[in-house]
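For reference, the structure discussed in these notes is given below.
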Amino acid sequence: MPRESLTQMRRRAAAIEQRLFAVYGEGACSLDHTDPFTLTVAVVLSAQCTDAAVNKVTPELFARFGTPQTLACAPLSQVEEIIHPLGFFRSKAKNIVALAQSVVADYGGEVPCTMEELQRLPGVGRKTANVVMCQAFRDPQGIAVDTHVFRIAHRLRFATRNDDTPDKVEAKLLKIYPKADWLYINHQWVHFGREFCSARKPRCGSCPIQDLCPSAETH
């Protein structure tokens with residue numbers, strides 16, 4: 001594919017979004033949750049493990065400690081025992097208990113609804129804050145770049161080799177996609193990545209955006 005101008009890239013991105021919206025709609029969040037707090041906790045737990053693994057431990061976790069007040073007072077050993085199947089469970093347990101304590105002490109028991117304040121919570125980085133802003137508050141301030149989004153952005157050549165961090169990839173995507181689309185990209189691309197654009201064996205032959213993907217012919 002010849003080198004694209006930003007205008008051409010935006011046109012291709014718009015065509016891709018139109019097709020993915022037709023397939024996935026807004027895209028459903030893969031993490032089970034009932035409110036902004038349980039969503040925030042679930043996203044923190046999902047770091048370096050699968051959403052499916054998180055969904056296996058959160059029913060018990062939220063049944064016992066599903067509010068900021070109860071999790072803030074939870075014995076750390078009990079939280080560790082519940083989330084033990086997850087990677088880095090000890091540090092995650094400390095983070096979510098501290099997160100709950102901060103929500104109670106600093107925000108009156110309500111998860112804050114700005115990127116800046118969310119990232120002040122223990123264990124919450126930009127990716128988590130982006131997910132919460134989009135999913136819980138429907139106020140996108142960016143695009144959450146997880147492993148799926150990172151991989152797909154490079155395959156679509158919206159990102160280059162120099163874009164070797166999530167922040168760099170996000171910066172590129174924010175220039176290409178209009179803010180109205182930021183709400184959907186992460187969820188759509190997660191589903192698309194699992195169904196078609198997997199890391200090891202992408203299904204290019206049946207991909208709904210094959211003709212719009214510069215990498216499709218190489219797989």
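Computation of the quantities below employed the complete heavy-atom set of this structure, encompassing side-chain atoms and omitting hydrogens, waters and symmetry-equivalent molecules. For the single chain, residues carry numbers from 1 onward in sequence order.
Using a 4.5 Å cut-off on side-chain heavy atoms (C-beta onward), L45 and L61 make contact. With contacts defined as side-chain heavy-atom distances shorter than 4.5 Å, the pair T38/T58 does not qualify. With contacts defined as side-chain heavy-atom distances shorter than 4.5 Å, the pair L99/F37 qualifies. At least one side-chain heavy atom of P36 sits under 4.5 Å from a side-chain heavy atom of F137. Looking only at side-chain heavy atoms (C-beta outward), Y177 and I16 come within less than 4.5 Å of each other. The closest side-chain heavy-atom distance from H154 to T160 is not below 4.5 Å.
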Verify side chain to side chain contact (heavy atoms under 4.5 Å, CB included) between N130 and M115, making sure each step is shown before the conclusion. CA-CA 7 Å; N130 270 326; M115 287 289 291; 3.5 Å; yes
In sequence, state the C-alpha distance, the side-chain angles, and the governing distance for V103 and L121, and then conclude on side chain to side chain contact (heavy atoms under 4.5 Å, CB included). CA-CA 8 Å; V103 169; L121 299 175; 4.0 Å; yes
Evaluate the side-chain hydrogen bond (donor to acceptor under 3.5 Å, both in side chains) criterion for residues E80 and S77: first the C-alpha distance (whole Å), next the side-chain angles of each, then the deciding distance (0.1 Å), finally the verdict. CA-CA 5 Å; E80 289 179 346; S77 60; over 6 Å; no
Determine, stepwise, if the pair K179 / Q141 fulfils side chain to side chain contact (heavy atoms under 4.5 Å, CB included). CA-CA 8 Å; K179 190 172 183 179; Q141 299 300 306; 4.0 Å; yes
Applying side chain to side chain contact (heavy atoms under 4.5 Å, CB included), run through L76 and K94 and close with a yes or a no. CA-CA 7 Å; L76 187 61; K94 291 179 182 177; 3.8 Å; yes
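Ring geometry, Y24 versus H191: the interplanar angle falls under 30°, so the pair is classed parallel (tilted spans 30 to 60°).
The salt bridge (Lys or Arg N to Asp or Glu O under 4.0 Å) analysis of residues 68-77, with sequence neighbours excluded, yields no pairs. Residue pairs meeting the salt bridge (Lys or Arg N to Asp or Glu O under 4.0 Å) criterion with at least one partner in residues 20-41, sequence neighbours excluded, are E26-R138.
With 3.5 Å as the limit, one finds a donor-acceptor pair spanning the side chains of S206 and R203. Side chain to side chain, R194 and S30 meet the donor-acceptor criterion of an N or O pair below 3.5 Å. For the 3.5 Å distance criterion, the side chains of N186 and Q135 fail to qualify, holding no donor opposite an acceptor.
Neither I143 nor L31 shares a network with the other; the hydrophobic side chains, linked directly or stepwise wherever heavy atoms of I, L, V, M, F, W or Y lie under 4.5 Å apart, form separate groups for each.
Under the rule for a ring-ring contact (aromatic ring centres under 6.0 Å, His included), the partners of F21 that lie at least two apart in sequence or sit in another chain are Y184. In this view, H187 satisfies the ring-ring contact (aromatic ring centres under 6.0 Å, His included) rule with no residue, not counting sequence neighbours. H148 meets the side-chain hydrogen bond (donor to acceptor under 3.5 Å, both in side chains) test with R151; sequence neighbours excluded.
Going from atom CD1 of I152 over to atom SG of C213 covers 9.5 Å, rounded to the nearest 0.5 Å.
Classification of E4 and R11 as a salt-bridged pair fails, no side-chain N sitting under 4.0 Å from a carboxylate O. Between R19 and D211, at least one side-chain N (NZ, or NE/NH1/NH2) sits under 4.0 Å from a carboxylate O, which counts as a salt bridge.
Looking at every heavy atom in both residues, Q210 comes nearest to G205 through OE1-O, 4.0 Å.
Other members of the cluster containing V190 do not exist, because no ILVMFWY side chain is joined to it at under 4.5 Å.
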